[in-house]
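What's counted below: heavy atoms across the whole structure, side chains too, no hydrogens, waters or symmetry copies. By convention in this document, chain letters (A, B, ...) are assigned in the order of the sequence lines, proteins followed by strands, and residues within each chain are numbered from 1.
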2 protein chains.
Amino acid sequence: MTTPGSLADDERSGGDRAGGGNAGGESAEDGPAGSGGRRRVTISDLARRLHISKASVSYALNGRAGVSEETRQRVLDLAEELGFHPNSAAVALSASRTRTIGIVIARDPALISTEAFYMRTLVGIEQYLNEVDSSLLLRLTGEHGEDLDVLRRWSRQGRVDGFILFDEHDDDPRIPLLKELGVPVVVVSSNDPDDEVGRLISSPIETVALLLDHLAELGHRDIAHISGPFTFVHEQLRVRMLQEYADRRGIAVRHVEGSYRYDDGAELTRRLLTDPNPPTAIVLGNDLMALAALRVATELGTKVPDEVSILAWDDSPLCELAGPGITAVDQKTMERGRAAADLLLRVAGGEPDLHEEAPAGELRVRESSGPAPKN
Amino acid sequence: MTTPGSLADDERSGGDRAGGGNAGGESAEDGPAGSGGRRRVTISDLARRLHISKASVSYALNGRAGVSEETRQRVLDLAEELGFHPNSAAVALSASRTRTIGIVIARDPALISTEAFYMRTLVGIEQYLNEVDSSLLLRLTGEHGEDLDVLRRWSRQGRVDGFILFDEHDDDPRIPLLKELGVPVVVVSSNDPDDEVGRLISSPIETVALLLDHLAELGHRDIAHISGPFTFVHEQLRVRMLQEYADRRGIAVRHVEGSYRYDDGAELTRRLLTDPNPPTAIVLGNDLMALAALRVATELGTKVPDEVSILAWDDSPLCELAGPGITAVDQKTMERGRAAADLLLRVAGGEPDLHEEAPAGELRVRESSGPAPKN
DNA sequence: CTGAAAGCGCTTACAG
DNA sequence: CTGAAAGCGCTTACAG
């Protein structure tokens, strides 16, 4: 059996460049075995070797006034040579900046891992954070309100510089909580209330227009909408805007509340298609339900798109790879994530402008939508 | 225009319980406007109010000896009342414990967001971290070696207590690097070298047996394997073990190296199926390629499973929801993530036993596999 | 331009 | 059982 001690003993074997210098020259022997690796290089080390004060080192490293160019360069060179990286806890403690943003997602784990939405959002956020050398502290809680605890705890603990919030609910308690805690927040939002928190806004009206214009052109006059749960603000808005837009274009819409789950999408679609007067097109609130709709149609012998068109609100690999491919709106999820992170850092930095429009979506027309059947 | 200042001014409006007490009693006026919220409660505050020392407060909060039960209770009660949470930077700085583990994934963003594997793994890890009140620091870098920088930086910065590594390569540079840095590591691994880092091991032999036993029973004697890139250790092992096991059972296997990408899976499958002597079954290294294989077969008019069986190494919603459903091995990804996090925390805690077996996989038989065609 | 010193909020020997 | 004090590794006024 190997012990952590032997792990540390083995350090010499690595042939790595940075830190390889003589960082260990002063105290290569670690303290208590297993406590983890060689002593880290600190600004005190740099100061001592360069015969200057810690303050000067700090100024030099942070690009602040207070040191000559020459001194600064000597500091930077030595830091590079020794592989110095400032202890993040010390920086956080003295400067109250963590270079970390927090995301807490309170959804059913099964859904989180099935829908590509979250991962694509995270990828987008990460792309931005990489560029500005910040990090993401992530927590996936269940759906039972533990998320509030985590938000509160992380705020009080000073673990993050701010939060990005998803899945806004009616009277979402997270927003007053974080406002009270005084933590910068950006809500990835579908509406634009003036509640003085950061919001990256993408109104559903855009998607509504893309979907309904497409369907109207194809001659559909009688459609159905299987939404996600109405507890989400964006679902309420989708229903309302879809209805209004459809009214204006003389299209009838029946709304059914779904749960985003496959089974549910299947069941609700079945009911619609076996109705004596079925709709000629169904818009589903997410990719999973759209796929379910596709399957049920096939199962019932209802031809897609000849007898019914199937469209999804939110594009994804599932829509793209389904057979037939499902017409959907590419919500630019990665770009949206990126933009949210960017906005949060600006809000945290004191930027007065809290609201911003998200990048526009685009319709991806595939085989699942076609002309309305004439009957 | 709203300003961060006005954001802070608005704090009173929240009606939240914790911290609502009289935490602001001493200095409700924030410092510089916009710097974020009311002053946090610290152990000094607790000590002052209870007329005891900071040390006693610390002992009480951490459940250590050094305070009477009565004092401890008074401290805990007050902490609860004021919504006290220890500043994580201060704890990290003085105790060198961050309660955070790091994960750096260096893969093509498109792949990360398409394959459910990573998200399911993260969910599993999170489930465990939730229970032990730890957090995940996540970074998704591209495939260009920036991951080494991040690992080095996070280590030197003392940001994490350890790392979980995925996607081990040949002579993976991350392992010597982290050993040299002296940071606890767990590699989610497919083999068991004695290299003194933590390893959660799941040998491919298990999956090989599940797949080949199934195919042998169905009468297949001539199969193909479209793998992922051989740069991954697990892919090399899969090929070797598949070959050995097939040899023993008198099954011929041709191996083709794929990339995990849909297009690639399609192209390689096309070649196999248009061969004058096509295999009767194809095992694909991931779900995307398996789906591609299914599509190509359909396109070529090759019936699945009557003329060719399609199986995937790794189950996923894509396999489950495909039509026909794709037979695949459920690798227990969430459980594996959980186990990896658990092992890492134990390794970091000084546990001598570095290696552990991952939970076993299970075959999910679906419509894409059937008896070998007689010809 | 540079240094000595206080402070961020904890933990932890060390005396009482 | 309790308190005074040093220390973790930085940053930041404040004097020179």
Please name the residue in the list B:V183, B:L178, B:T141 that meets the side chain to side chain contact (heavy atoms under 4.5 Å, CB included) test with B:L151. B:L178
Take A:I43 and B:H51, find for each the nucleotide of DNA chain D with the closest heavy atom, and name the residue whose nucleotide sits nearer the 5' end. B:H51
What does A:S96 touch in the nucleic acid at a heavy-atom separation under 4.0 angstrom: a base, only the sugar-phosphate, or nothing? nothing
Using the closest heavy atom to pick a nucleotide of DNA chain C for each, name whichever of A:K54 or A:V67 lands nearer the 5' end. A:V67
Quick one: list whatever passes side chain to side chain contact (heavy atoms under 4.5 Å, CB included) with B:R72, sequence neighbours left out. B:A60, B:V67, B:E69, B:L76
Where does the angle between the aromatic ring planes of A:Y118 and A:F166 fall among parallel (under 30°), tilted (30 to 60°) and perpendicular (over 60°)? perpendicular
Got a salt bridge between A:R74 and A:D77, using NZ or NE/NH1/NH2 to carboxylate O under 4.0 Å? no
Of all the base pairs, Watson-Crick or G-U under 3.5 Å, which form stems of three or more consecutive pairs involving DNA chain C? C:1-3 with D:14-16, C:5-12 with D:5-12, C:14-16 with D:1-3
Should the pair B:R153-A:D133 be classified as a salt bridge under the 4.0 Å nitrogen-to-oxygen rule? yes
Is any NZ, NE, NH1 or NH2 atom of the basic residue among A:D342 and A:R346 found under 4.0 Å from an Asp or Glu carboxylate oxygen of the other? yes
Contacted region of DNA chain D by chain B, from 5' end to 3' end of the hits, cut-off under 4.0 Å to heavy atoms, spans D:dC1 to D:dG9
The answer to which of B:A90 and B:Y59 contacts DNA chain D further toward the 5' end, by nearest nucleotide, is B:Y59
Exercise: do B:S135 and A:R139 side chains pair donor with acceptor under 3.5 Å: yes
Does the pair A:E168/A:R199 count as a salt bridge with the N-to-O cut at 4.0 Å? yes
Touch class at under 4.0 angstrom, heavy-atom based, for B:S58 against every strand present: base
